[in-house]
**Q** 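I'd like to ask some things about the structure below.
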Amino acid sequence: MATSLHDDIYQLVREPIDVAALAGHVRAPEDGAAVTFDGFVRNQSHNRPTLYLDYEAYESMALGKMREIGAQLHERFVIHRVAMVHRLGRLEIGETSVFIAVSAPHRGAAFDACRFAIDTLKRTVPIWKKEYFEDGAVWADGELPPAPAATPRAKPAS
Amino acid sequence: MPLARSRIAGYNSNVTPISQTIRVKVLFFGRLKDVVGHSEDSLEIAETSTIEQVFAPYVARHPELAKYRSSLVASRNQEFAAWDTPLGSGDEVAFLPPVSGG
C-alpha cells in the first residue's frame, strides 16, 4: 500500500479553503474510510459577539510543525493520506480556519489520526488568533507548546 | 585566535581585542509584536549569548515584556529551544506566546 508522504498536503493559505477538494484528495481505491475535521469561525467568544478573526503564523516554522505532525500520523496510525491546511489573515464568521482530512483502510485509524492531528496542531503549531469585537480586539488565550527544558549541566563526577 | 588578533592589530594596534560578536535575527509574534512595535529585528550580541540574553535588551526597552516571560516559549532556527541555548551567527530566534491556531 502506498503511504508516501508525497501524497500528503500541508499548506498555509490566505484564500478560502476548498474543503471538498481536500476531502477528495485523500480518497484512494485502497482506502475504506476518510475522517475530516472542519474548524470554522464561531460567532462568539465567552458570550461576547465576535465580528471576525485575524490569524497570523510564524509561517516557516508552522509549516515545518504541520509536516512533523503528518510524519507522526504515519508512524502511529495505519493511515494512507493526510491533508492539513490552515488559513491566515482575516476570517469571517463561519469560514473554515483549519481543515484536516485523513484516509485509511479502516475507520478506527482515520478517526484516531484526525483527532491526534487537530489536538497536536492546536498545541504545537505557531499560529495566533486575534479576536475582533465591537469594542476592541484581543489575542486569544492559547496553549503553551511543550519546549525543551534548560540544558542539563554535566554533573560533577563522584 | 591568531587570525582575529592579527586582523585587529593590522587595523589599529592600539585597540585591545574585544570579544567577538555575532548577528542574529529576532522575531516577535502575537501580543509580543504589539509590545515591541515590530515583528523582526537584527541584533548584534556577544558570540556566547543565549536566547535569554537576546530577550533581555528588549525587556530593558519595553519593561512590560517581563510579565510575558513565564508564558513564552522560544525557538532557534524554527525549532523550540531552551532559553539557555547558545546562539551562532545568523541564527533566527523567535519569541512565541501561547499558540491559538485551529
Side-chain angles (χ1 to χ4, degrees), chain A residues 12 37-42 45 53-69 84-88 91 96-100 115 117-131 136-153, chain B residues 24-43 47-56 58 62 64-88 90-102:
Chain A
L12 295 169
F37 175 81
D38 185 342
F40 50 90
V41 180
R42 188 168 41 233
S45 176
L53 300 182
D54 199 6
Y55 285 91
E56 71 165 45
Y58 181 5
E59 295 191 31
S60 55
M61 183 172 175
L63 261 184
K65 292 291 155 198
M66 288 162 67
R67 292 197 183 98
E68 271 179 31
I69 293 170
M84 185 184 297
V85 178
H86 203 296
R87 189 172 161 193
L88 304 176
L91 274 78
T96 295
S97 52
V98 60
F99 189 81
I100 299 173
R115 177 70 193 253
I118 183 60
D119 288 352
T120 309
L121 180 149
K122 287 183 78 90
R123 211 174 58 244
T124 65
V125 177
I127 295 176
W128 298 272
K129 166 168 65 183
K130 198 167 193 175
E131 301 172 318
V138 295
W139 289 100
D141 293 333
E143 296 194 51
L144 204 58
T151 314
R153 305 275 170 229
Chain B
V24 295
K25 187 171 167 183
V26 187
L27 303 175
F28 297 93
F29 292 96
R31 63 195 70 188
L32 299 181
K33 186 180 68 179
D34 293 348
V35 172
V36 175
H38 49 83
S39 59
E40 189 178 325
D41 200 12
S42 176
L43 189 70
E47 67 180 342
T48 55
S49 297
T50 63
I51 290 176
E52 187 84 64
Q53 287 166 319
V54 166
F55 194 62
Y58 294 99
H62 310 278
E64 54 196 305
L65 278 180
K67 72 173 184 239
Y68 296 119
R69 168 63 182 84
S70 62
S71 62
L72 296 182
V73 293
S75 68
R76 172 178 168 265
N77 299 335
Q78 292 97 49
E79 289 295 339
F80 294 117
W83 286 73
D84 64 351
T85 304
L87 299 169
D91 278 356
E92 182 173 293
V93 178
F95 297 104
L96 315 172
V99 300
S100 54

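Just so it is clear, the values below take in all heavy atoms, side chains as well, and ignore hydrogens, waters and symmetry mates. Residue numbering restarts at 1 for every chain, and letters A, B, ... go by the order of the sequence lines.
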**Q** Partners of Asp34(B) by salt bridge (Lys or Arg N to Asp or Glu O under 4.0 Å), sequence neighbours excluded?
**A**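 Residues passing salt bridge (Lys or Arg N to Asp or Glu O under 4.0 Å) with Asp34(B): Lys130(A).
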**Q** Could you tell me which portion of Arg123(A) (side chain, backbone, both or neither) has an atom closer than 4.5 angstrom to a non-hydrogen atom of chain B?
**A** backbone
**Q** Under 4.5 Å from any heavy atom of chain B, what part of Glu56(A) do you find: side chain, backbone, both or neither?
**A**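 Only the side chain of Glu56(A) comes within 4.5 Å of chain B.
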**Q** Is Arg69(B) salt-bridged to Glu52(B), going by a charged N under 4.0 Å from an acidic O?
**A** yes
**Q** Is Ser75(B) in contact with chain A via its backbone, its side chain, both, or neither, using a 4.5 Å heavy-atom distance?
**A** side chain
**Q** Under a 3.5 Å cutoff, is there a donor and acceptor pairing between the side chains of Thr50(B) and Asp84(B)?
**A**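 Not at all, the side chains of Thr50(B) and Asp84(B) share no donor-acceptor pair under 3.5 Å.
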**Q** Side chain, backbone, both or neither: which part of Glu79(B) has a non-hydrogen atom closer than 4.5 Å to chain A?
**A** both
**Q** What part of Ala62(A) gets closer than 4.5 Å to chain B, counting heavy atoms only: side chain, backbone, both or neither?
**A**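 Neither part.
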**Q** Please find out if less than 6.0 Å separates the ring center of Trp128(A) from that of Tyr58(A).
**A** no
**Q** Determine the sole option in Ile69(A), Thr120(A), Val98(A) for which the side-chain contact (heavy atoms from CB on, under 4.5 Å) test with Val125(A) is passed.
**A** Ile69(A)
**Q** Which atoms of Ser97(A) are under 4.5 Å from chain B, going by heavy atoms: the side chain, the backbone, both sets, or neither?
**A**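 The side chain, not the backbone.
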**Q** With a 3.5 Å cut-off and sequence neighbours excluded, list the donor-acceptor pairs that the side chains of residues 94-102 of chain B form with protein atoms.
**A**
unit_1    : atom_1 : unit_2    : atom_2 : d
Ser100(B) : OG     : Lys129(A) : N      : 2.9

**Q** If I measure from the heavy atoms of chain B, does Tyr55(A) come under 4.5 Å with its side chain, its backbone, both, or neither?
**A** side chain
**Q** Under a 4.5 Å cutoff for heavy-atom pairs, which residue among Pro145(A), Pro126(A), Ala140(A) has the most contacts with chain B?
**A** Pro145(A)
